[in-house]
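Each remark here refers to the structure printed beneath this line.
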Amino acid sequence: MSNTKIIVAGPRGKMGSEALRMIEKQDHFDLVACVDHKHGGLSVKDIDNLPNLDAPIYEDIEQCLQEIEADVLIDLTTPEFGYKHTRLALEYGVRPVVGTTGFTKDQLTELEQMAEDKELGVVIAPNFAIGAVLMMQFSKWAAKYFPDVEIIERHHDNKLDAPSGTAVKTSELIQEVRDQKKQGHPEEKETLDGSRGADVDGMKIHSVRLPGLVAHQEVMFGSTGETLTIKHDSINRESFMTGVKLSIEKVLNLQVLVYGLENLLE
Ligand SMILES: NC(=O)C1=CN([C@@H]2O[C@H](COP(=O)(O)OP(=O)(O)OC[C@H]3O[C@@H](n4cnc5c(N)ncnc54)[C@H](O)[C@@H]3O)[C@@H](O)[C@H]2O)C=CC1
Ligand SMILES: O=C(O)C1=N[C@H](C(=O)O)C[C@H](O)C1
């Protein structure tokens with residue numbers, strides 16, 4: 001079987017550069033191009049602190065998709081550009097693997113429809129870390145028995161979206177097993193806006209942003225006389241690469257959009 005040809009959008013980012021290092025280590029992956037909003041016309045190897053890979057950098061994604069033959073586009077950019085890149089990749093018959101978070105529900109539905117129409121696989125994973133996927137699954141299980149739940153996610157202060165994609169996905173998984181329930185005192189009032197966090201069917205999400213953090217989430221459950229806390233920490237971005245690699249391998253055999261790495265794990 002021939003090697004998987006990969007385009008990376010966002011190669012100089014914290015995740016994009018980690019993805020390049022992962023690709024460099026795999027014998028069955030070839031980096032064929034990158035999409036960046038700077039350094040068009042250069043090669044990846046010309047950029048400081050990036051791996052020594054000879055792949056052209058394009059500033060215009062359409063030009064990249066027209067000129068470069070690829071199997072997969074990995075997007076690790078921003079919500080705005082990630083959505084645009086995913087749509088364009090599908091239009092050019094390239095399968096997207098998307099780590100970028102912050103897409104709206106409408107955007108996800110639209111991309112799902114596009115993937116189905118084109119019969120092309122897409123993986124959108126709010127969190128590629130296996131431990132985070134388990135934390136979300138354990139939380140879904142716990143919510144069956146503990147409907148009072150607060151999600152506290154903590155991230156570095158360069159993050160654009162809040163709440164995190166992981167927190168949104170966790171709340172969606174919990175919604176599958178938890179009936180709507182107003183938590184706290186029935187007459188509770190916020191004297192400072194936002195103090196009780198975001199509300200999803202009565203469950204609360206709190207977002208913390210501080211320098212020094214990477215990516216962390218606690219899901220706290222409370223019941224009579226007991227609490228349960230399920231916690232995951234990514235202490236570096238290598239933690240996400242097992243999931244990125246798996247998604248690239250799996251997307252080649254998909255004809256639909258898969259939202260969440262849990263759907264690819266056996
Ligand atoms: N699914 C997962 O497991 C993870 C997802 N993420 C998500 O991945 C995304 C990127 O995160 P980080 O790497 O931490 O951010 P970052 O800010 O370090 O990197 C983003 C990169 O995108 C580039 N970029 C911006 N606009 C662009 C455009 N039009 N074309 C090409 N490149 C463009 C920027 O130059 C930057 O290098 C975020 O949405 C974040 O939430 C982050 C970590 C794990
Ligand atoms: O921006 C990040 O860093 C992360 N983003 C993802 C999210 O929004 O959940 C995944 C992980 O938490 C790191």
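Numbering of ligands and ligand atoms starts at 1, following listing order. Below, each value reflects all heavy atoms present in this structure, side chains not excepted, and no hydrogens, waters or symmetry copies.
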Legend entry - Between T104 and D106, a side-chain donor and acceptor under 3.5 Å: no
Inset, instruction - From the options L261, I57, T77, D36, select the one whose nearest heavy atom is closest to atom 38 (C) of ligand 1. - result: T77
Inset, instruction - Measure K38 to ligand 1 on non-hydrogen atoms and call it side chain, backbone, both or neither using the 4.0 Å cut-off. - result: neither
Inset, instruction - Return a yes/no value for A129: is any of its N or O atoms, backbone included, closer than 3.5 angstrom to an N or O of ligand 1? - result: no
Inset, instruction - May I ask you to identify the nearest protein heavy atom to atom 3 (O) of ligand 2, giving residue, atom name and distance to one decimal place in Å? - result: H156 NE2, 2.9 Å
Legend entry - Joint hydrophobic cluster, L213 plus I235, side-chain heavy atoms closer than 4.5 Å: no
Inset, instruction - Could you tell me whether E91 and K118 have a side-chain N and a carboxylate O separated by less than 4.0 Å? - result: no
Inset, instruction - Would you mind listing which atoms of ligand 2 come within a distance below 4.0 Å of any non-hydrogen atom of P126? - result: 6 (C), 7 (C), 9 (O), 10 (C)
Inset, instruction - Answer with yes or no whether the side chains of S207 and E153 bring together a donor and an acceptor at under 3.5 Å. - result: yes
Inset, instruction - Could you name the option among S234, A19, G99, G10 that has the heavy atom nearest to atom 23 (C) of ligand 1? - result: G10
Inset, instruction - Classify the angle between the aromatic ring planes of Y83 and F103 as parallel (below 30°), tilted (30 to 60°) or perpendicular (above 60°). - result: perpendicular
Inset, instruction - Decide if atom CG of D179 counts as having more than 12 heavy atoms of other residues, nucleotides or ligands within a radius under 6.0 Å. - result: no
Legend entry - Nitrogen or oxygen atoms of T78 and ligand 1 under 3.5 Å apart: no
Legend entry - Top protein contact for atom 5 (N) of ligand 2, by heavy-atom distance: K159 NZ, 3.1 Å
Inset, instruction - Pull out every atom of ligand 2 sitting under 4.0 Å from any heavy atom of T166, numbered as shown with elements. - result: 7 (C), 9 (O), 10 (C), 12 (O)
Legend entry - Atom indices of ligand 1 within 4.0 angstrom of N127 heavy atoms, with elements: 1 (N), 2 (C), 3 (O)
Legend entry - Carboxylate-amine/guanidinium proximity below 4.0 Å for K181 and D201: no
Inset, instruction - Could you tell me which atoms of ligand 2, counted from 1 in the order shown, lie closer than 4.0 angstrom to a heavy atom of N127? - result: 10 (C), 11 (C), 12 (O)
Inset, instruction - Could you tell me whether H37 and ligand 1 have an N or O pair separated by under 3.5 Å? - result: yes
Inset, instruction - Give the numbers and elements of all ligand 2 atoms closer than 4.0 Å to a heavy atom of T101. - result: 6 (C), 7 (C), 8 (O)
Inset, instruction - Go through the side-chain N and O atoms of Y259 and E112 and say whether any donor and acceptor fall under 3.5 Å apart. - result: no
Legend entry - Proximity winner for atom 19 (O) of ligand 1, if only heavy atoms of C34, A125, A9, G13 are counted: G13
Legend entry - Contact check: H156 vs ligand 1, nitrogen or oxygen atoms, below 3.5 angstrom: no
Inset, instruction - Determine whether more than 12 heavy atoms belonging to other residues, nucleotides or ligands lie under 6.0 Å from atom CD of E119. - result: no
Legend entry - Salt bridge present between R21 and E238 (N-O < 4.0 angstrom): no
Inset, instruction - Write out the residue and atom name of the closest protein heavy atom to atom 11 (O) of ligand 1, then the distance separating them to 0.1 Å. - result: M15 CG, 4.2 Å
Inset, instruction - Considering the heavy atoms of K159, write down every atom of ligand 1 situated less than 4.0 Å from one of them. - result: 41 (O)
Inset, instruction - Provide the number and element of each atom of ligand 2 under 4.0 Å from a heavy atom of S164. - result: 7 (C), 8 (O), 9 (O)
Inset, instruction - State whether E59 and K38 are salt-bridged, where the test is any N-O pair (Lys NZ or Arg NE/NH1/NH2 against Asp/Glu carboxylate O) under 4.0 Å. - result: no
Inset, instruction - Please determine, by modelled atom types, if H28 and E249 share a side-chain donor-acceptor pair under 3.5 angstrom. - result: yes
Legend entry - Per-atom contacts, ligand 1 versus V35 - under 4.0 Å to a heavy atom: 31 (C), 32 (N)
Legend entry - K245 charged N/C atom sitting above F128 aromatic ring, 6.0 Å / 45°: no
Inset, instruction - Looking only at protein heavy atoms, identify the closest one to atom 11 (C) of ligand 2 and say how far it is in Å. - result: H155 NE2, 3.6 Å
Inset, instruction - Scan side-chain atoms only and decide if D71 and T4 contain a donor-acceptor pair under the 3.5 Å cut-off. - result: no
Inset, instruction - Would you check whether H85 reaches within less than 4.0 Å of ligand 1, judged by its heavy atoms? - result: yes
Legend entry - Per-residue contact class, K14 against ligand 2 - non-hydrogen pairs under 4.0 Å: neither
Inset, instruction - Would you mind telling me if ligand 1 is within reach of the side chain of P126, the backbone, both or neither, using heavy atoms under 4.0 Å? - result: backbone
Legend entry - Numbered atoms of ligand 1 (with element) below 4.0 Å of R12, judged on heavy atoms: 35 (O), 37 (O)
Legend entry - For atom 7 (C) of ligand 2, the protein heavy atom that lies nearest, with its residue and separation: G165 N, 3.4 Å
Inset, instruction - Tell me yes or no: between the side chains of E150 and H206, is some donor less than 3.5 Å from an acceptor? - result: yes
Inset, instruction - Just jot down the ligand 2 atoms closer than 4.0 angstrom to any heavy atom of A215, in number order. - result: 11 (C), 12 (O), 13 (C)
Legend entry - Sidechain N-carboxylate O distance under 4.0 Å for K250, E266: yes
Legend entry - Atoms of ligand 1, numbered as shown, that sit under 4.0 Å from any heavy atom of L76: 10 (C), 20 (C), 21 (C), 22 (O)
Inset, instruction - List every atom of ligand 1 that sits less than 4.0 Å from any heavy atom of F81, numbering the atoms from 1 in the order shown and giving each element. - result: 26 (N), 28 (C), 29 (N)
Inset, instruction - Please state which part of Q217 comes within less than 4.0 Å of ligand 2, counting heavy atoms only: side chain, backbone, both or neither. - result: neither
